[in-house]
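Scope of the values below: all heavy atoms of this structure, side chains included, with no hydrogens, waters or symmetry mates. For clarity, every value in this text was computed on a predicted model and none was experimentally measured.
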Amino acid sequence: MDLMELYRELKGRTFVDLTHSFCPGIPHYPALHDMERRDLYTVENDGFWVEKMTLVGQWGTHVDSPRHFVPGGRTVDQIDVKEMFLPLVVLDLSRDVSENPDRCLSREDILAWEDSYGRVPEGCFFALRTDWSKRWLDCDAMDNKDEKGIAHYPGYSLDSLKFLYEERGVTASGHETADTDCGVDSSNGNMVCEHYVLAQDRYQIELMANLDKVPPTGALIIAAFPKLKDGSGFPARCFAILP
């Protein structure tokens with residue numbers, strides 16, 4: 001099959017946008033400043049429209065480069081484009097999370113997934129579905145803090161990530177929450193899971209959307225983002241092509 005035949009084949013498949021639209025006021029990591037946005041020129045006054053936007057790199061659905069946590073790690077512009085086009089695996093923990101928002105992905109969860117769908121393929125993008133993205137635009141619901149200010153949202157366990165990256169050889173991973181780590185850990189300044197992923201010289205995508213519309217296996221993901229020189233992270237545009 002030549003490339004044009006492949007293009008025609010893929011074009012006929014279903015595409016799923018895995019990205020939230022971003023703007024000022026969206027849910028974000030509490031330590032980060034809100035986005036600012038204003039018109040510099042307008043069609044009405046100047047014949048063309050140009051906006052000025054001020055935002056942190058980790059805004060909306062975004063990529064974290066290894067440098068985000070690791071001194072000397074790769075930056076956004078150093079991530080090869082071949083790492084952005086990958087087989088997509090989706091593990092669904094949404095039912096468990098609805099009963100226990102502090103639920104963390106375990107090695108046993110991955111092994112149970114493999115019992116149903118086969119071995120997690122080497123070189124894939126692993127996405128953790130929790131349906132937390134359905135809380136999008138409600139900052140309080142995303143943080144889900146208790147009366148002591150401790151956040152309660154799902155994430156990975158360190159053991160699950162070591163299994164994925166060291167024993168299954170995944171290329172990248174992503175999730176629907178603002179952190180790799182569970183909210184209870186992040187609230188206490190414990191970011192060991194996020195540090196682990198980036199220390200493997202891998203990238204991750206945070207605040208993903210629409211994972212409930214993607215099958216557990218068989219889809220492809222394009223996880224693209226601007227080539228910011230020496231960037232720690234940047235808003236991403238991710239989408240899946242379904243089998």
Side-chain angles (χ1 to χ4, degrees), residues 18 27 29-30 58 61-66 68-70 73 86-135 142-146 148-209 211-212 214 216-217 221 223 233:
L18 304 177
Y29 189 69
Q58 280 68 22
T61 303
H62 65 268
V63 60
D64 286 333
S65 74
H68 180 45
F69 268 40
V70 181
L86 302 168
L88 176 59
V89 160
V90 179
L91 191 151
D92 181 8
L93 275 190
S94 59
R95 181 176 297 180
D96 289 354
V97 167
S98 67
E99 299 174 357
N100 175 19
D102 295 321
R103 180 76 154 81
C104 289
L105 180 71
S106 68
R107 176 189 294 247
E108 289 70 30
D109 293 322
I110 303 167
L111 291 172
W113 185 96
E114 291 187 329
D115 285 341
S116 297
Y117 304 106
R119 185 182 175 95
V120 173
E122 184 176 358
C124 75
F125 185 107
F126 183 93
L128 175 60
R129 175 189 164 190
T130 57
D131 286 354
W132 212 254
S133 63
K134 295 180 179 181
R135 300 172 179 235
M142 289 288 288
D143 289 342
N144 197 32
K145 291 182 178 178
D146 61 25
K148 296 181 180 180
I150 302 298
H152 296 274
Y153 50 77
Y156 293 85
S157 68
L158 182 58
D159 187 50
S160 70
L161 288 170
K162 287 184 174 181
F163 181 75
L164 288 170
Y165 281 93
E166 297 177 25
E167 298 189 37
R168 292 297 181 261
V170 304
T171 289
S173 54
H175 43 274
E176 299 173 58
T177 55
D179 292 308
T180 318
D181 298 84
C182 294
V184 171
D185 290 333
S186 295
S187 295
N188 292 318
N190 183 357
M191 309 288 280
V192 63
C193 289
E194 183 157 351
H195 189 280
Y196 171 80
V197 171
L198 303 181
Q200 306 313 299
D201 194 32
R202 302 299 187 181
Y203 74 87
Q204 65 175 12
I205 302 290
E206 297 193 293
L207 294 170
M208 299 181 75
L211 289 173
D212 59 321
V214 181
T217 187
I221 187 172

Side chains of Met142 and Thr177: closer than 4.5 Å at any heavy-atom pair?
no

Val184 side chain near Asn190 side chain, heavy-atom distance below 4.5 Å
no

Less than 4.5 Å apart, side chain to side chain, heavy atoms only: is that true for Arg129 and Val214?
no

Ser187 side chain to Ala151 main-chain N or O, any donor-acceptor pair under 3.5 Å?
yes

Kindly indicate, with the supporting measurements, whether the criterion side-chain contact (heavy atoms from CB on, under 4.5 Å) is fulfilled by Glu206 and Thr180.
CA-CA 8 Å; Glu206 297 193 293; Thr180 318; 3.8 Å; yes

If we only count heavy atoms from C-beta on, is the Val197 to Ser173 side-chain gap below 4.5 Å?
yes

Thr217 side-chain N/O to Tyr117 backbone N/O, donor-acceptor pair under 3.5 Å
no

Minimum heavy-atom separation for Ala178 and Leu207, please, with both atom names.
N-CD2, 3.7 Å

Just to verify, which of Leu18, Asp64, Val63 counts as forming a side chain to side chain contact (heavy atoms under 4.5 Å, CB included) with Ile205?
Val63

Contact between Arg103 and Asp109 at the side-chain level, heavy atoms closer than 4.5 Å - yes or no?
yes

Quick one: does Ser160's side chain have a donor or acceptor within less than 3.5 Å of a partner on Ser106's backbone?
no

What is the minimum heavy-atom distance between Gly123 and Leu86, and which atoms define it?
O-CD2, 3.3 Å

Looking at every heavy atom in both Arg202 and Pro66, which two are closest together, and how far apart are they?
O-CG, 3.5 Å

What residues form a side-chain contact (heavy atoms from CB on, under 4.5 Å) with Cys124, not counting sequence neighbours?
Pro87, Val89, Val120, Pro121, Val170

To the nearest 0.5 Å, tell me how far Asp96 CG sits from Thr130 OG1.
11.0 Å

Do you see a donor-acceptor pair shorter than 3.5 Å between the side chains of Ser157 and Asp159?
no

Does Trp113 use its side chain to pair, donor to acceptor, with the backbone of Asp92 at less than 3.5 Å?
no

Can you list the residues that meet the side-chain contact (heavy atoms from CB on, under 4.5 Å) rule with Arg119, with sequence neighbours excluded?
Glu114, Arg168

Give a yes or no on whether Glu122 atom CD has more than 12 heavy-atom contacts from other residues, nucleotides or ligands under 6.0 Å away.
no

dist His195:NE2 -> Gln200:CD (nearest 0.5 Å) comes out at 10.0 Å

Please give me the minimum heavy-atom distance between Gly155 and Leu128, naming the atom from each residue.
O-CD2, 3.8 Å

Side chains of Glu194 and Gln204: do they bring a donor and an acceptor to under 3.5 Å?
yes

Contact summary for Ser133 and Glu176, nearest pair of heavy atoms
OG-OE1, 2.7 Å

Applying side chain to side chain donor-acceptor pair (under 3.5 Å) between Tyr153 and each of Asp143, Asn144, Asp102, Asp179, report the one that passes.
Asp179

Output every pair passing salt bridge (charged side-chain N to carboxylate O under 4.0 Å, His left out) with a member in residues 183-193, not counting sequence neighbours, ordered by first then second residue.
none

Report yes or no: do Ser186 and Tyr29 form a side-chain donor-acceptor pair below 3.5 Å?
no

When the ring planes of His175 and Tyr156 are compared, do they come out parallel, tilted or perpendicular, using 30° and 60° as the limits?
perpendicular

Pairwise side-chain contact, Asp212 with Lys134, heavy-atom cut-off 4.5 Å (strictly under)
yes

Aromatic plane relationship, Tyr196 with Tyr165 - under 30° parallel, 30 to 60° tilted, over 60° perpendicular
perpendicular

